[in-house]
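Everything on this sheet refers to the single structure shown next.
In what follows, chains carry the letters A, B, and so on, assigned in the order in which the sequence lines appear, proteins first and then strands, with residues in each chain numbered from 1. Small disclaimer: the values here were computed from a predicted structure and weren't measured.
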2 protein chains.
Amino acid sequence: MVNESLARILAPTIKRSLADEIADRLRNAILCGQLAPEEPLREAALSELMGVSRGPVREALSRIEREGLAVVTPTGRTYVARLSRHDLDEVFSLRKALEQLAIERACMYADPKDLAELQSVVDDMAATIARGISEKEAAELDLRFHDIVYQASRHQRLLNYWTTLRPQVYVMMLSRNVASADFRDAAVRGHQDILDTIKSGDKQRARDLIGEHMRVAYDLVSQSYGQPCANPDQD
Amino acid sequence: MVNESLARILAPTIKRSLADEIADRLRNAILCGQLAPEEPLREAALSELMGVSRGPVREALSRIEREGLAVVTPTGRTYVARLSRHDLDEVFSLRKALEQLAIERACMYADPKDLAELQSVVDDMAATIARGISEKEAAELDLRFHDIVYQASRHQRLLNYWTTLRPQVYVMMLSRNVASADFRDAAVRGHQDILDTIKSGDKQRARDLIGEHMRVAYDLVSQSYGQPCANPDQD
DNA sequence: AAACAGAAAATTGTTAACTGTTTTCAATAA
DNA sequence: TTATTGAAAACAGTTAACAATTTTCTGTTT
């Protein structure tokens, strides 16, 4: 066998089906707001617009639906999802449960490479905030940090679940307030604390910290969603 | 508007696509062991066997894969999944996180109908154990109890996640020991305790109880999967 | 024997046409 | 004007054929 870096360069090209690409393009269009909530997603129209047949579009729509970015009526019509406060509560309560599991395992399994990547994201955050951060940048840096935590948790199923929940979290973060003063002040310190706790290996403290982190994230996003829910989960 | 019972009778027939039905049949075949682990799932062969075209079969296979009952190679070949100890650890750690969220919410939202259904399952368990319970019956009654907890949690996304995880849990429970003496002795009391705690509304106690319940379930199934993992999650 | 190359078969990815249902719209009646 | 009906259009579900890729097989070479 040859050396490792050559193996990486010559590694088998990962097969991406048309459906994968179509799903990516649709997801982007929705996340950028080019496809607004409630807008119908018609297989025929999309396939024509995107220059492919209905098959791959159909498959892509099914993924977009799984990710919660589209909803399907009982009669099979698909529309871009409009996320309500109820959705917000569901997404964040679920996310909290997943993140707590992820960070516990990250405490056990994170290797130096994971830790370095986490630190690099925190540093990026500090630098970007210093020169003025946009909503989009704030959301993407934040999510990238958590992506690495899931990666470090060494739990394929957990990562899959996060991958399907992630786009909804992104949509909600973009609906304002994420780059607010509160965020700018707290984000760097908050994520650095989490990283330090992962390094320390203190699972219980990590759990508590990420729980609080989720509560803060929820509150921040919550302002854009009308009157809050009676009991936004305290424990 | 007419009366309620008539409305129920004349209610719209839920549209089930061919893909839905094919997925059900494939899932059953796998759960019954008629399709053994590693067995290839070929679109053409299955479509012929099941008397439909490849389209619905393709869609069904994608769902079966999502449920973890099948795996797809990088080149698109699909096989019945063989679940390893590593999968067992993943499934049960994830399940624990989901169940803890579910039961907390069940403490808040369960209505008398949910509680009655839970009690009825516990009673069924007692009766079935008294007359000799099979592996299959044990697994199905156990899962039915937890289904109701998720239903009572009033959390659509959480229920969806459970629905995709459930078949893997079922497979693992069937791989022996679930109807063992340990199970028979503990199952009824264990589930009754959980139900009573939901009734009491004590979220923290419910969380702890279901956490312990998951540990017991893990240990029971674990025996069939070779040497245990270093740290099967203690907290 | 083991490794390789090339042809043949098998299999998935993609497309386009067909079928049945749902939705829309316009004409008609209350 | 507001319901109701029926026809037309739009749409998703399904199928079958085609294209591209992967796997298997077989003969050849080392």
Round to the nearest Å and state the distance from [X] atom [atom1] to [N] atom [atom2].
X        : N       : atom1 : atom2 : result
Leu41(A) : dA10(D) : CG    : C1'   : 16 Å
Arg42(B) : dT22(D) : CZ    : C1'   : 13 Å
Glu59(B) : dA12(D) : CD    : C1'   : 10 Å
Glu43(B) : dT21(D) : CD    : P     : 17 Å
Arg16(A) : dG13(C) : CZ    : P     : 14 Å
Leu46(B) : dA10(C) : CG    : C1'   : 14 Å
Met50(B) : dT14(D) : CE    : C1'   : 16 Å

Is it the case that [X] and [Y] place a side-chain donor and acceptor less than 3.5 Å from each other?
X         : Y         : answer
His146(B) : His213(B) : yes
Asp123(A) : Gln119(A) : yes
Gln151(B) : Asp147(B) : no
Arg85(A)  : Ser222(A) : yes

Taking Asp111(A) first and then Arg154(A), would you say they form a salt bridge - that is, a charged N and a carboxylate O separated by under 4.0 Å?
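Answer for the salt bridge query: yes.
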Using a strict threshold of under 4.0 Å (side-chain N to carboxylate O), is an ion pair present between Glu67(B) and Arg166(B)?
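A salt bridge is absent here (no side-chain N lies under 4.0 Å from a carboxylate O).
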Please test Glu140(B) against Arg144(B) for salt bridge (Lys or Arg N to Asp or Glu O under 4.0 Å), starting from the C-alpha separation and ending with a verdict.
CA-CA 6 Å; Glu140(B) 283 169 8; Arg144(B) 201 181 325 154; over 6 Å; no
Taking any heavy-atom pair under 4.0 Å as a contact, classify Leu61(A): base, sugar-phosphate, or nothing.
nothing
For the side chain of Ser17(A), starting at C-beta, report the closest nucleotide among dT12(C), dA10(D), dT14(C).
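Per side-chain heavy atoms of Ser17(A), the pick is dT14(C).
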In 5'-to-3' order, the base (B), backbone-only (S) or no-contact (-) status of each nucleotide in nucleotides 15-20 of chain C, using a 4.0 angstrom heavy-atom cut-off, is B-B---
If you compare every side-chain N and O of Thr75(B) against the phosphate oxygens of dT12(C) (OP1, OP2), does one of them come in below 4.0 Å?
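False: Thr75(B) side-chain N/O out of range (4.0 Å or more) of dT12(C) OP1/OP2.
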Can you check whether Arg58(A) has a side-chain N or O nearer than 4.0 Å to OP1 or OP2 of dG13(D)?
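It does, given that an N or O in the side chain of Arg58(A) lies less than 4.0 Å from OP1 or OP2 of dG13(D).
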